[in-house]
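Here's the structure, in structure tokens; my notes come after.
Not measured: the values here are computed from a predicted model.
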Amino acid sequence: MNILIIGNGGREHALAWKIRQSPRCSKLFVAPGNPGTAQVAENVPIATDDFSSLGEFCLAQSISLLVVGPEAPLVKGIRDYFEQDPKLQHILIVGPGKVGAQLEGSKDFSKQFMVRNGIPTAKARTFMAAELDQAMDYISTCKPPIVLKADGLAAGKGVIISLSQTEAKAVIKDMLVNKKFGEASAKVLIEEFLNGIEVSVFVLTDGKDYVILPEAKDYKRIGDGDTGPNTGGMGAVSPVVFATPAFMKRVEDEVVKPTIAGLQKDGIDYKGFIFVGIMNVGGTPYVIEYNARMGDPETQAVMPRIKSDLVDLLEAVGKGALQGKTIEIDPDHSVTIALVSGGYPGEYEKGKAIDGLGNYEPTLVFHAGTKQQQDKVVTEGGRVLAVSGKGSSLEDARAKAYAVADQIQWDGLYFRKDIGQDLLNFKI
């Protein structure tokens, strides 16, 4: 079958790399793609939210399967657009419609969904700018640290943890009144802080049945030792030592099953990935957030561990035929390191020439924020590359990933040196 992936980041490069391995994949396209996806697929210069051009391309190229990588086109309703056009209705889509994508597009929607369906989560209240005084009063009743979340999409940066009530009050004013995150912070959730350790769980569902992909732990803060501001993700590891079979059974029973049941109860026909951010609080899973797609950079750590033909699973999701499907997972460890531009997650310069982009198989280099400029590849984003090493142990996978990261150069290059280090001597 001919397949189109939408997106241009590291997640989409990893998906393309995995999909390309399937004998079921005839032609593979990525819109708009990047220099990395160009190595395994044909890039198409169409924006992720240009639904009419994407539809025309799908018809011209006889696309059978559309895989939506990032959240923005899902929240804007790409599935709804295709389903409402009689000429496009036959195309199988991996990614929910506009209503289902609200699990990610609105923190308030997802919080109400969790509460309604008895899914364990932190206590929270939502406020708008007109309710600033009430928000201030509510903060006065909260025990620090206090979590403040922008309701809408903020590119993974809309969560701020305040260590005092005074700081939280200044932050919520900045978010609601000064629109720190634009329209994303027109509503803000004030949430209790959960003290635990985080794991990312990935579910692929056709709305009735599901398979659980390999879990991962990502590292959000810019600095070693989890210091500094939040980023879109500085690295990831899979598997995760504290995600024991017993814990994952609880995640399945207490989170995944009621999530799928809740979607059915609400009449939401959900076909695609559900990323569940879980906080392990003393062995009890609490949901911090849902995303309506795979994570980045977790996808770059997870895809190398999937042994099954991913196209078979994605087609089954699109057709609503996932029942009885299973997934085979490689027991090896995978470590992904994000290589970022100097200054990220704040201001950074683009257009820096990248050296050392050789072929490092079996260690993989996934492109995220890169651009082809004549005969060289240059930096184009904050997170530029993701290096994924695989090995029989966490130490082995780390060594392989860092050996390659050390060989890549550009002016201002930065990466964390401690990805996975906290799990080396982790005691369950």
Side-chain angles (χ1 to χ4, degrees), residues 7-11 13 34 36 48 70-72 104 107 145-164 166-186 188-189 193 198 200 218-236 277 288-289 291 295-298 300 336-355 366-371 373 377-387 405-406 408-419:
N8 65 346
R11 165 185 46 227
H13 186 184
N34 63 40
T48 60
E71 62 275 18
E104 176 167 8
K107 297 281 192 294
I146 299 163
V147 182
L148 300 146
K149 289 183 175 178
D151 174 63
L153 297 178
K157 302 183 189 78
V159 178
I160 295 173
I161 298 169
S162 296
L163 299 178
S164 69
T166 305
E167 185 190 331
K169 287 176 181 178
V171 168
I172 198 159
K173 187 176 179 187
D174 199 23
M175 289 170 88
L176 285 174
V177 180
N178 302 334
K179 296 277 171 68
K180 179 177 172 68
F181 298 106
E183 279 311 304
S185 58
V188 175
L189 278 73
F193 179 80
E198 205 174 324
S200 303
D218 82 325
Y219 295 78
K220 289 193 174 67
R221 292 184 180 271
I222 188 70
D224 286 357
D226 284 331
T227 54
N230 267 347
T231 70
M234 293 298 294
I288 313 165
E289 64 173 352
N291 289 331
D296 188 332
E298 295 101 325
Q300 295 92 303
T336 299
I337 305 157
L339 278 52
V340 309
S341 296
Y344 176 79
E347 295 293 314
Y348 55 85
E349 292 180 10
K350 299 179 181 179
K352 306 289 187 184
I354 304 170
D355 293 319
F366 294 114
H367 289 237
T370 63
K371 183 177 162 186
Q373 204 170 72
V377 177
V378 300
T379 65
E380 175 67 5
R383 291 185 299 166
V384 178
L385 299 168
V387 177
D406 284 335
I408 297 170
Q409 308 278 316
W410 71 81
D411 180 28
L413 163 64
Y414 168 78
F415 56 88
R416 277 181 61 165
K417 310 297 187 290
D418 67 341
I419 302 301

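- For D411 and K352, the salt-bridge test passes: some basic side-chain N is under 4.0 Å from an acidic carboxylate O.
- Within the 4.5 Å cutoff, side-chain heavy atoms of H367 are placed close to those of L385.
- Note that CD of E347 is 11.5 Å distant from OG of S341, once rounded to the nearest 0.5 Å.
- Enclosure of atom NZ in K169 by more than 12 non-hydrogen atoms of other residues, nucleotides or ligands within 6.0 angstrom is indicated.
- A salt bridge does not link K417 with D406: every distance from a Lys NZ or Arg NE/NH1/NH2 to an Asp or Glu carboxylate oxygen is 4.0 Å or more.
- Between the side chain of N34 and the backbone N or O of T370 there is no donor-acceptor pair closer than 3.5 Å.
- Proximity of a side-chain donor or acceptor of S162 to a complementary backbone N or O of S164 within less than 3.5 Å is not detected.
- Between the side chain of Y414 and the backbone N or O of Y344 there is no donor-acceptor pair closer than 3.5 Å.
- One finds a salt bridge joining K220 and E198 here, because a Lys/Arg side-chain nitrogen approaches an Asp/Glu carboxylate oxygen to under 4.0 Å.
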Applying side-chain contact (heavy atoms from CB on, under 4.5 Å) to L153 and E104, what does each step give before you reach the verdict?
CA-CA 8 Å; L153 297 178; E104 176 167 8; 3.7 Å; yes
Tell me, with the steps shown, if D226 and R416 meet side-chain contact (heavy atoms from CB on, under 4.5 Å).
CA-CA 9 Å; D226 284 331; R416 277 181 61 165; 3.0 Å; yes
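- Nearest heavy-atom pair across A386 and Q300 is CB-NE2, 3.8 Å.
- When all heavy atoms of F181 and A150 are compared, the pair lying nearest together is CD1-CB, 4.1 Å.
- For the residue pair G158 and M175, the shortest heavy atom distance occurs at O-CE, 3.9 Å.
- Contact between E298 and A236 at its shortest, heavy atoms only, is CA-CB, 3.9 Å.
- Contact of the L339 side chain with the V387 side chain is registered, since non-hydrogen atoms from C-beta on lie closer than 4.5 Å.
- Of the possible polar contacts, one joining the T379 side chain to the G351 backbone as a donor-acceptor pair under 3.5 Å is found.
- Interatomic distance, CG of D418 versus CG of D224, reported as 4.0 Å (0.5 Å rounding).
- For P297 against G233, the heavy-atom pair with the smallest separation is CD-CA, 3.8 Å.
- Listed for the T227 side chain is no donor-acceptor partner under 3.5 Å among the backbone atoms of R221.
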Any chance you could lay out the side-chain contact (heavy atoms from CB on, under 4.5 Å) test for F415 and I408, step after step, and finish with the verdict?
CA-CA 11 Å; F415 56 88; I408 297 170; over 6 Å; no
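- In this structure, R383 contributes its side chain and A368 its backbone to no donor-acceptor pair below 3.5 Å.
- Of the inter-residue distances, the one linking D151 atom CG with S185 atom OG reads 9.5 Å to the nearest 0.5 angstrom.
- Between the side chain of Y219 and the main chain of G235, no donor-acceptor pair closer than 3.5 Å is present.
- For the pair P70/R11, a side-chain contact is recorded, criterion being any heavy-atom separation below 4.5 Å from C-beta on.
- Residues E289 and V159 have side chains not in contact (no heavy-atom distance under 4.5 Å, counting atoms from C-beta outward).
- Residues E167 and L148 form no side-chain contact, since every pair of their non-hydrogen atoms from C-beta on lies 4.5 Å or further apart.
- Counting only distance, with no hydrogens or angles, the side chain of H13 and the backbone of G36 share a donor-acceptor pair below 3.5 Å.
- Here the CH2 atom belonging to W410 is positioned 11.0 Å from the CG atom belonging to D355, to the nearest 0.5 angstrom.
- Annotation for P345 and P229: closest pair CG-CG, 3.9 Å, computed over non-hydrogen atoms.
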Given V340 and M234, is the side-chain contact (heavy atoms from CB on, under 4.5 Å) satisfied, shown in steps?
CA-CA 8 Å; V340 309; M234 293 298 294; 3.8 Å; yes
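- Around atom CD of Q373, more than 12 heavy atoms belonging to other residues, nucleotides or ligands sit under 6.0 Å away.
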